[in-house]
Every structure is written in structure tokens, then in C-alpha cells.
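Just so we're clear, the structure is a prediction, and the values are computed from it rather than from any experiment.
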Amino acid sequence: IGTYIGIPTIAKNYIQKHDRELLGREVTLDKMRLNLLLTELSIDSLKLYEQDAKTTFVSFDRFEFRINLWALLAHKISITKIKFEGLYTNIVQNKSQYNFDDLVKKFSSTEQDTTQKSSNWEIEIEHIILSRGSMNYRDQSLNATWKLRDLNLNIPRIYFSGQQTKAGLHLNISSGGSLNVETAYLMDKKFADLNIDLKKFALGDLLPYIKQDMNVGKIDGELNAKL
């Protein structure tokens with residue numbers, strides 16, 4: 001019906017003031033909204049920077065999250081929406097090191113949880129959507145760069161037991177080619193039906209990896225495959 005005007009503003013200011021304490025990195029964001037019943041959260045124009053506080057590590061234009069709190073009464077965790085618009089990610093690898101190792105280390109727990117987990121809870125996630133996404137990946141040790149554009153992901157519903165999950169992924173590779181993936185998955189039975197359609201993939205992108213084991217000077221051509 002409306003928003004708790006004070007809560008989003010307080011949360012936004014707290015995150016930006018204590019970002020180094022919380023994440024060890026700089027964070028900026030434009031707007032945060034929370035609906036009156038605390039079931040829907042939206043964030044506009046968020047940026048998480050690299051450790052240099054200048055280069056963008058992750059950013060998005062808009063994030064939306066919605067949960068059905070009434071479902072908790074029936075021992076059910078029901079997330080009804082997770083949506084990213086304009087999600088950008090910058091991944092840098094140097095052998096076994098990545099530019100997000102500090103984040104993994106910060107949130108990795110050294111303590112083992114010995115408490116019993118209840119199996120009576122049903123988990124359901126609906127409407128997982130990624131639109132207009134992009135990702136840059138750079139392997140410094142191999143001098144290889146991948147730029148993925150027009151990343152679009154649509155998962156109508158994820159079931160963790162009993163029912164089939166379906167998902168679709170589409171992306172374009174800036175150097176050439178596109179990838180479409182459709183899958184149906186039964187998580188409790190570990191069964192998947194996977195369809196992959198790769199079109200006009202530029203084989204030259206594989207050269208840095210092939211040169212690790214073979215004396216190859218150049219690769220040209222395109223790969224088309226349906227699996």
C-alpha cells in the first residue's frame with residue numbers, strides 16, 4: 001500500500017556509511033524501497049566496487065525481491081520474485097586467485113553448524129529474472145578476455161523437491177556467437193533434461209586455452225552445435 005519511508009533511508013545511509021565494515025569494499029546506491037507489509041524490497045542503481053574503490057565489480061540498474069510471509073505459517077518458504085535489470089559483473093582471474101577472494105573469505109564461516117536442520121520446510125522460488133545483463137571475464141595468466149552481453153535468464157519456478165524446475169538462458173558473446181539453454185530439472189531425483197543451442201561461436205576465443213597444451217599459432221572459424 002505504501003512504504004515505510006524511514007526504514008529504506010536509514011538502511012541506505014547505514015550501508016553506505018558502514019560498507020567497508022560490512023563488505024570491506026565501497027558501495028553506492030540510489031534508492032531503496034520497502035513496502036508497508038515488509039514483503040517487497042527494491043533497490044535502484046547499486047554499485048559494489050573493487051578493492052581499489054574505483055573499478056566496478058558488480059552493479060545493477062534495479063533489483064526487486066518479494067516474499068510471501070503468510071506461507072511461513074504453513075512451514076513453507078515462498079519467494080515470489082527475484083529480478084535483476086542491467087546486472088553487470090567483472091571477474092578477474094590470475095591462476096588460482098580471483099578478484100572476489102576477499103568477499104568469499106569474509107563470509108566464509110570457520111565454525112561448523114552441528115544443529116539439526118528440519119526437513120519439514122518446503123522451499124519454492126518463483127520468477128527469477130535477469131534482463132539486459134552483462135559480464136566481463138579476464139584471465140590474466142592466459143591473457144584471455146570474454147565479454148558476455150545481452151544476458152537474459154528466466155526461471156518461472158524452482159522446486160527443491162517433488163516438482164520439475166524449468167529455466168531458460170540466452171546470452172551473446174561480443175566477439176561472436178550466441179548461446180541458448182533450456183533445462184528441466186528434478187532436484188530430489190537429480191534428473192535433468194538439457195538443451196543447448198550454440199550459434200556462430202568464434203573459435204579464436206579458445207586459442208589462449210589450447211596454447212597451454214599445443215603449439216598453435218592461430219585459430220579461425222565458427223562453431224555451431226545443438227546438444
Side-chain angles (χ1 to χ4, degrees), residues 8 11-12 15 19 23 25-35 39-50 55-68 71 77-93 98-100 103-104 107 123-139 145-160 163-187 192-202 205 225-227:
K12 172 189 171 183
I15 291 171
D19 48 7
L23 299 172
R25 298 190 178 194
E26 295 285 340
V27 177
T28 62
L29 61 99
D30 185 16
K31 295 179 181 178
M32 180 182 291
R33 301 179 184 88
L34 189 66
N35 81 341
T39 61
E40 185 171 1
L41 170 71
S42 65
I43 300 174
D44 291 345
S45 301
L46 182 142
K47 285 187 178 182
L48 172 62
Y49 291 89
E50 300 277 5
T55 308
T56 301
F57 171 57
V58 172
S59 67
F60 55 77
D61 296 333
R62 185 173 176 84
F63 167 73
E64 298 178 18
F65 175 87
R66 185 186 301 151
I67 187 171
N68 181 3
I77 299 175
S78 178
I79 298 172
T80 58
K81 189 177 187 181
I82 299 176
K83 183 178 181 180
F84 284 96
E85 294 181 9
L87 178 65
Y88 165 80
T89 308
N90 180 53
I91 303 296
V92 180
Q93 178 184 2
Y98 291 85
N99 61 332
F100 51 82
L103 296 174
V104 175
F107 290 99
I123 302 175
E124 177 183 285
I125 305 175
E126 299 178 279
H127 303 302
I128 301 175
I129 301 170
L130 168 62
S131 63
R132 299 184 292 104
S134 61
M135 183 177 76
N136 287 348
Y137 166 77
R138 180 160 54 95
D139 189 326
T145 300
W146 296 78
K147 295 183 178 181
L148 307 180
R149 298 291 180 264
D150 301 322
L151 276 164
N152 293 284
L153 174 68
N154 184 18
I155 303 177
R157 185 171 295 173
I158 289 180
Y159 295 101
F160 287 84
Q163 300 189 58
Q164 188 180 77
T165 293
K166 293 185 177 180
L169 169 69
H170 171 79
L171 62 87
N172 291 324
I173 304 169
S174 61
S175 57
S178 65
L179 175 66
N180 283 283
V181 179
E182 294 181 357
T183 183
Y185 184 54
L186 282 169
M187 193 168 295
D193 181 10
L194 185 65
N195 293 282
I196 301 174
D197 187 6
L198 182 64
K199 295 180 179 179
K200 296 184 177 180
F201 174 73
D205 288 342
K226 287 189 177 183
L227 305 174

Worked check of side-chain contact (heavy atoms from CB on, under 4.5 Å) between N99 and I91: CA-CA 6 Å; N99 61 332; I91 303 296; 4.2 Å; yes

is_close_aromatic(F63, F84), centroid dist under 6.0 Å: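 Ring-ring flag for F63/F84: true, centres closer than 6.0 Å.
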
Quick check: closest heavy atoms across [X] and [Y], and the distance to 0.1 Å?
X: Q164; Y: A184; answer: CD-CB, 3.6 Å
X: A71; Y: S78; answer: CB-CB, 3.7 Å
X: L48; Y: R25; answer: CD1-CB, 3.8 Å
X: K47; Y: S59; answer: CG-CB, 3.7 Å

Report the distance from atom [atom1] of [X] to atom [atom2] of [Y], rounding to the nearest 0.5 Å.
X: D19; Y: T28; atom1: CG; atom2: OG1; result: 9.0 Å
X: E85; Y: I129; atom1: CD; atom2: CD1; result: 9.0 Å
X: D61; Y: I43; atom1: CG; atom2: CD1; result: 13.0 Å

Short side-chain donor-acceptor distance under 3.5 Å, N172 and D150: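 N172 and D150 do have a side-chain donor-acceptor pair below 3.5 Å.
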
Within the structure provided, determine whether [X] and [Y] are in side-chain contact (heavy-atom separation under 4.5 Å).
X: L169; Y: N152; answer: no
X: T56; Y: N90; answer: no
X: K83; Y: H127; answer: no

Salt bridge E64-R66, side-chain N to carboxylate O under 4.0 Å: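 Salt bridge absent between E64 and R66.
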
Stepwise side-chain contact (heavy atoms from CB on, under 4.5 Å) check, R149 with N136: CA-CA 9 Å; R149 298 291 180 264; N136 287 348; 3.0 Å; yes

Chi angles and distances behind the side-chain contact (heavy atoms from CB on, under 4.5 Å) call for K147, S175: CA-CA 7 Å; K147 295 183 178 181; S175 57; over 6 Å; no

Over 12 foreign heavy atoms within 6.0 Å of CD, E182: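 Not buried by this count: 12 neighbours or fewer within 6.0 Å.
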
